[in-house]
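Here the structure is laid out as structure tokens; the discussion comes afterwards.
These numbers come from the heavy atoms of this one structure, side chains and all, not from hydrogens, waters or symmetry mates. Please read these numbers as outputs of a predicted model, since none were measured by experiment. We number each residue from 1, following the sequence as shown. Start at 1 and go down the list; that is how both ligands and their atoms are numbered.
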Amino acid sequence: MKKNSITTLNQFISDQQNKFPYVQGSLSRIFSAIQLAAKMINRDVRKAGLIDILGNFGETNVQGEEQKKLDVISNDVFKKLIDMGSDCVCIVSEEDEGVHWCPDGREAKYILAIDPLDGSSNIDVNASIGSIFSVYKRPSMDKPVTEADILQMGRHQVAAGYVIYGSATMFVYTTGNGVNGFTLDDSIQEFCLSHPDIKTPENGSILSVNEGNLNDFPKGVQDYIAWCKETNKEEKRPYSARYIGSLIADFHRNLLKGGVYLYPPTAKAPNGKLRLLYECNPMAFLAEQAGGKASNGKMRIMDIQPTEFHQRTPLIIGSAAMVERIEKMMGSEASGT
Ligand code: AHG
Ligand code: MN
Ligand code: MN
């Protein structure tokens with residue numbers, strides 16, 4: 001990036017189109033729609049306390065979770081803006097039980113999965129929240145898309161990213177050619193390149209996990225957490241604990257500084273809590289593109305074959321050396337060594 005130069009997200013995407021032909025019209029129009037959705041959600045998040053859109057919507061979603069008003073608003077914004085184009089066949093959303101088939105999407109090339117608002121327990125307390133998206137190519141243009149076509153492995157993603165509504169609002173995405181981050185300049189309402197070619201440190205000293213569930217974690221994870229707390233100056237241990245309860249916010253911090261985020265299986269949630277299609281896969285794609293790793297403790301997240309839209313999986317994600325160490329400690333438990 002040239003000193004003092006400004007590159008907007010739109011300019012960046014149009015440059016990418018010249019370099020990588022598959023980032024073509026249709027995919028870039030999806031980016032435009034997501035970008036506009038992000039600006040509209042950002043506007044609502046910033047003034048939510050003033051216009052009575054904090055708090056619960058009064059219903060539970062398909063996962064049995066209490067929906068916040070902003071969950072519902074964000075879901076509607078995403079669907080409305082994507083439906084205005086004809087670039088997506090359908091949308092799988094955390095907030096909708098079934099697939100949303102886009103009205104003009106019969107001839108479209110792409111399938112979208114979204115967590116319209118992540119970290120919704122943080123909405124009412126003014127802590128960081130975000131939106132996550134994941135884009136897949138439709139397997140065949142010759143026949144209609146079936147539900148089975150939507151259940152693709154994460155390794156087939158053509159694009160993924162998130163928008164974090166934090167102390168600043170940022171758009172971070174990948175199309176498989178590295179990870180780039182754009183900060184929203186409020187005064188001109190444009191996302192501007194601020195974090196080009198993000199690379200995550202190979203190792204780190206931040207541990208992000210809900211330790212309240214410690215007694216319920218597999219022994220390998222408990223052992224890892226105990227190891228993180230031991231003193232070893234050369235290895236920068238004890239590590240620092242950082243956990244806000246928004247995957248995006250915890251992931252974003254670790255992506256930039258080096259660290260690991262864990263949501264292990266528990267007795268209450270044997271497959272963990274996080275959803276494969278619209279939480280784990282997109283974050284895994286970003287992590288890997290930045291040089292990090294994402295695993296369920298046994299295998300690469302992006303190699304898991306989904307069987308359900310709202311499928312959950314344990315998640316270990318972040319700096320490669322940290323993910324590998326946890327996998328090893330969990331593996332040695334499985335093999336009894
Ligand atoms: P969502 O708000 O989309 O339902 O996701 C919340 C998720 C995730 O963002 C976060 O890391 C995790 O739930 C926190 O769970 P705990 O409160 O169990 O730690
Ligand atoms: Mn979420
Ligand atoms: Mn959500």
Side-chain angles (χ1 to χ4, degrees), residues 37-38 41 44-45 48 54-57 59-79 91-97 100 112-134 160-166 172 206-217 221 225 241-255 259-284 286-287 294 296 301 309-318:
I41 296 167
D44 288 348
V45 165
L54 289 181
N56 294 340
F57 179 65
E59 309 227 338
T60 54
N61 65 14
V62 58
Q63 356 257 332
E65 295 160 348
E66 188 79 57
Q67 281 181 309
K68 299 279 179 188
K69 289 180 193 168
L70 270 171
D71 282 324
V72 176
I73 291 170
S74 308
N75 194 33
D76 289 347
V77 167
F78 264 104
K79 287 194 291 190
I91 304 173
V92 175
S93 166
E94 180 193 349
E95 302 304 334
D96 294 322
E97 181 166 5
H100 168 83
L112 182 67
I114 52 169
D115 178 351
L117 207 59
D118 172 68
S120 37
S121 67
N122 282 323
I123 293 172
D124 296 349
V125 296
N126 202 9
S128 296
I129 48 182
S131 304
I132 311 177
F133 64 92
S134 164
Y162 58 84
V163 182
I164 177 167
Y165 313 106
V172 178
I206 298 176
L207 173 67
S208 304
V209 63
N210 184 344
E211 221 186 316
N213 298 325
L214 182 75
N215 293 343
D216 254 3
F217 290 159
V221 175
I225 294 173
R242 296 283 185 274
Y243 189 80
I244 186 72
S246 278
L247 169 63
I248 293 183
D250 288 310
F251 175 87
H252 185 73
R253 182 201 304 110
N254 294 345
L255 178 73
V260 71
Y261 173 99
L262 309 180
Y263 209 107
T266 62
K268 207 171 85 186
N271 294 318
K273 177 183 181 189
L274 301 175
R275 279 62 52 112
L276 180 60
L277 259 61
Y278 40 78
E279 290 179 319
C280 301
N281 272 335
M283 298 318 236
L286 290 159
N296 68 356
I301 288 288
F309 299 132
H310 300 287
Q311 179 169 337
R312 296 173 195 264
T313 173
L315 178 67
I316 302 161
I317 190 165

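Between L274 and ligand 1, no pair of N/O atoms sits closer than 3.5 Å. Taking only nitrogen or oxygen atoms, main chain and side chain alike, D250 does not reach within less than 3.5 Å of ligand 1. For ligand 1, the polar-atom distance check against N213 finds no nitrogen or oxygen pair separated by under 3.5 Å.
Among the candidates Y243, F251, Y263, the single residue satisfying the side-chain contact (heavy atoms from CB on, under 4.5 Å) test with S208 is Y243. The only member of V125, D250, I129 that meets side-chain contact (heavy atoms from CB on, under 4.5 Å) when paired with I244 is D250.
With a 4.5 Å cut-off on side-chain heavy atoms, M283 and Y162 count as touching. In this structure, the side chains of K69 and L54 stay at 4.5 Å or more apart for every pair of heavy atoms. For the pair V260/N254, no side-chain contact is recorded, criterion being any heavy-atom separation below 4.5 Å from C-beta on. Residues I225 and E211 meet the side-chain proximity criterion, which asks for heavy atoms closer than 4.5 Å. Annotation: side chain of E94 is not in contact with side chain of I114 (no heavy-atom distance under 4.5 Å). The shortest side-chain heavy-atom distance between I41 and Y165 falls under the 4.5 Å cut-off. Looking only at side-chain heavy atoms (C-beta outward), E279 and L247 come within less than 4.5 Å of each other.
Under 4.0 angstrom from ligand 1, the non-hydrogen atoms of S246 all belong to its backbone. The proximity of R275 to ligand 1, defined as any non-hydrogen pair under 4.0 Å, is limited to the side chain.
The protein non-hydrogen atom at the shortest distance from atom 18 (O) of ligand 1 is Y263 OH, 2.6 Å. In terms of protein heavy-atom proximity, atom 5 (O) of ligand 1 is closest to D118 OD1, 3.2 Å. At the shortest separation from atom 1 (P) of ligand 1 among protein heavy atoms lies G119 N, 3.7 Å. Atom 15 (O) of ligand 1 has K273 NZ, 3.0 Å as its closest protein atom, hydrogens excluded (heavy atom only). Of the protein's heavy atoms, G245 O, 3.3 Å lies nearest to atom 10 (C) of ligand 1. The closest protein non-hydrogen atom to atom 11 (O) of ligand 1 is Y261 OH, 2.6 Å. Closest to atom 19 (O) of ligand 1 among all protein heavy atoms lies Y243 OH, 2.5 Å. Protein heavy atom at the shortest distance from atom 4 (O) of ligand 1 is E94 OE2, 3.1 Å.
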Sequence neighbours left out, cut at 3.5 Å: what donor-acceptor pairs do the side chains of residues 309-317 make with other protein atoms?
{"residue": "H310", "atom": "ND1", "partner": "Q63", "partner atom": "NE2", "Å": "3.3"}
{"residue": "H310", "atom": "ND1", "partner": "Y278", "partner atom": "OH", "Å": "2.7"}
{"residue": "H310", "atom": "NE2", "partner": "D96", "partner atom": "O", "Å": "3.0"}
{"residue": "H310", "atom": "NE2", "partner": "E97", "partner atom": "O", "Å": "3.1"}
{"residue": "Q311", "atom": "OE1", "partner": "T307", "partner atom": "N", "Å": "2.6"}
{"residue": "Q311", "atom": "OE1", "partner": "T307", "partner atom": "OG1", "Å": "3.3"}
{"residue": "Q311", "atom": "OE1", "partner": "E308", "partner atom": "N", "Å": "3.2"}
{"residue": "R312", "atom": "NH1", "partner": "K273", "partner atom": "O", "Å": "2.6"}

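A side-chain donor-acceptor contact under 3.5 Å links S131 to the backbone of P116. With hydrogens and angles ignored, the 3.5 Å screen pairs a side-chain donor or acceptor of T266 with a backbone N or O of A269.
Distances from the Mn ion (ligand 2) to the N/O/S atoms of E279 are shortest for OE2.
Below 4.0 Å from some heavy atom of L247 lie the following atoms of ligand 1, by number and element: 8 (C), 9 (O), 10 (C), 11 (O). Ligand-side atoms of ligand 1 in range of D115: 3 (O), range being under 4.0 angstrom from any heavy atom. Listed by atom number, the atoms of ligand 1 under 4.0 Å from E279 heavy atoms are 3 (O), 5 (O). Close contacts between ligand 1 and S120 involve ligand atoms 2 (O) [criterion: under 4.0 Å to a heavy atom]. Close approach to N210 involves these atoms of ligand 1, each under 4.0 Å from a residue heavy atom: 16 (P), 18 (O), 19 (O).
Protein nitrogen, oxygen and sulfur atoms, that is N, O or S, within less than 2.8 Å of the Mn ion (ligand 3) amount to 3.
Within 6.0 Å of CG on N271 lie more than 12 heavy atoms contributed by other residues, nucleotides or ligands.
Between D124 and G55, the shortest heavy-atom distance links the atoms OD1-N, 3.0 Å. Residues I248 and V163 come closest through the heavy atom pair CD1-O, 3.9 Å.
Within the structure, ligand 1 lacks I248 among the residues with a heavy atom less than 4.0 angstrom away.
Residues S246 and N122 have side chains that bring a donor and an acceptor to within less than 3.5 angstrom of each other.
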